Amino acid sequence: MGDPQPIFRVLGPLRVEHRGRVHTPTASKQRQVLLLLLLRANSTVSLPQFVEELWEGYPPASAIPALHTYVMQLRRALDSLHLADGPASSRLVTRTGGYELVVRPGELDLDVFDEKIQAALAQTDSSTRARGLHEALELWTAPALADVVTGPVMRSAITVLQQKRLDALGHRIDADLEVGWHHELIGELSSLVLHNSTSERFTAQLMLALYRSGRQVDALNAFHRLRRAEGRLSRELHDLYTAILAGDPALDPPIQARTRLSLDAALIA
């Protein structure tokens with residue numbers, strides 16, 4: 001049997017999945033409450049945080065009673081999944097001044113993602129590290145939580161989530177480049193640079209992938225496009241540009257990649 005699947009999913013559409021069935025709330029405010037609890041899992045979310053998220057500084061007079069109702073409905077829905085340890089307990093717990101959702105290891109896809117990323121980055125072998133990072137990123141099924149109405153608290157949290165994904169992508173592409181997959185990365189990196197036009201990291205990776213694929217002029221042009229857009233660039237990117245211009249052997253693919261390509265060519269011949 002494989003690893004247990006997460007029950008709560010935030011790396012894409014908001015989902016509550018248990019025993020092959022989807023139990024995600026459909027009411028907008030309940031979804032907001034659930035999301036806030038999930039992204040603050042195992043810690044108390046205060047009543048003012050709920051109010052700010054749900055009503056963005058303009059709460060109605062009935063805000064607190066309404067919040068209690070949303071929580072009660074959500075608790076009833078979660079309790080029906082029998083996730084707690086016994087009939088007298090609940091995963092959605094009332095705390096002093098707020099509420100807490102108890103989430104166990106492996107139940108939230110975000111936690112699984114973080115664990116897989118850390119485990120992969122700890123690997124010294126490039127191929128093993130690349131496989132682990134690919135596996136972690138497969139947990140992302142779509143842009144995070146585009147199907148949830150969000151207030152200021154969660155908008156900020158989702159921005160952090162998206163940056164976390166981009167950081168993981170950067171690590172994965174570094175590992176793929178170390179393995180020697182520069183040809184295969186050009187399309188993906190071109191798209192990433194297009195949609196993250198100020199990212200020096202993705203531009204540097206694209207420059208390296210292009211150069212290793214025999215496209216030195218295109219690699220230099222990628223640098224110039226970013227410089228026109230941003231003006232001032234880092235010393236590291238300037239150094240990479242100079243190295244590409246000079247055809248520095250230090251930029252050549254790793255030995256294992258050159259060996260693999262030679263073997264592939266021999267097999268084709």
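Only heavy atoms go into these numbers, but all of them, side chains included; no hydrogens, no water, no symmetry mates. What you are looking at is a predicted structure, and each value in this text was computed from that prediction instead of being measured. Position 1 is the first residue of the sequence, and the numbers go up from there.
Think of V102 as one node in a network of Ile, Leu, Val, Met, Phe, Trp and Tyr side chains linked at under 4.5 Å; its network also takes in V93.
Side-chain N/O atoms of Q123 and T128 include no donor and acceptor closer than 3.5 Å.
Applying the salt bridge (charged side-chain N to carboxylate O under 4.0 Å, His left out) test to pairs two or more places apart or on separate chains, those with a residue in residues 161-171 are D114-K164. Each salt bridge (charged side-chain N to carboxylate O under 4.0 Å, His left out) pair with one or both residues in residues 17-30, not counting sequence neighbours, appears once here: R9-E17. Applying the ring pair (Phe, Tyr, Trp, His ring centres under 6.0 Å) test to every pair with at least one member in residues 218-246, sequence neighbours left out, gives these pairs: F223-H238, F223-Y241, H224-Y241. Among residue pairs with one or both ends in residues 62-77, none qualify as salt bridge (charged side-chain N to carboxylate O under 4.0 Å, His left out); sequence neighbours excluded.
In terms of the side-chain contact (heavy atoms from CB on, under 4.5 Å) criterion, residue partners of E56 (sequence neighbours excluded) are, by chain and number, P152, R155. Residues meeting the side-chain contact (heavy atoms from CB on, under 4.5 Å) test with A157, sequence neighbours left out: L39, R40, M154. Looking at residues two or more places apart in sequence or on another chain, you find a side chain to side chain donor-acceptor pair (under 3.5 Å) between Y99 and H68. Take H134 and apply the ring-ring contact (aromatic ring centres under 6.0 Å, His included) test, not counting sequence neighbours, and it matches no residue. E138 is linked by a side-chain contact (heavy atoms from CB on, under 4.5 Å) to nothing, counting only residues two or more places apart in sequence or in another chain. With sequence neighbours left out, P59 forms a side-chain contact (heavy atoms from CB on, under 4.5 Å) with V51, W55, A63.
Note that NE2 of H182 is 12.0 Å distant from CG of L251, once rounded to the nearest 0.5 Å. We find the NE2-CG distance between H171 and L121 to be 5.0 Å, quoted to the nearest 0.5 Å. A distance of 6.5 Å separates CG of L161 from CG of L11, quoted to the nearest 0.5 Å. If you take CD on Q32 and CG on L67, they are separated by 11.0 Å, rounding to the nearest 0.5 Å.
No donor-acceptor distance shorter than 3.5 angstrom exists from the side chain of E178 to the backbone of P254, with no hydrogens or angles considered. For the pair D218 (side chain) and L210 (backbone), a donor-acceptor distance under 3.5 Å is absent. Using a distance-only test at 3.5 Å, with no hydrogens or angles considered, no donor-acceptor pair links the side chain of R31 to the main chain of V149.
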Let me have the donor-acceptor pairs involving side chains of residues 229-237, under 3.5 Å, with sequence neighbours excluded, atom names and distances please.
residue, atom, partner, partner atom, Å
S234, OG, E200, OE1, 2.5
S234, OG, L237, N, 3.2

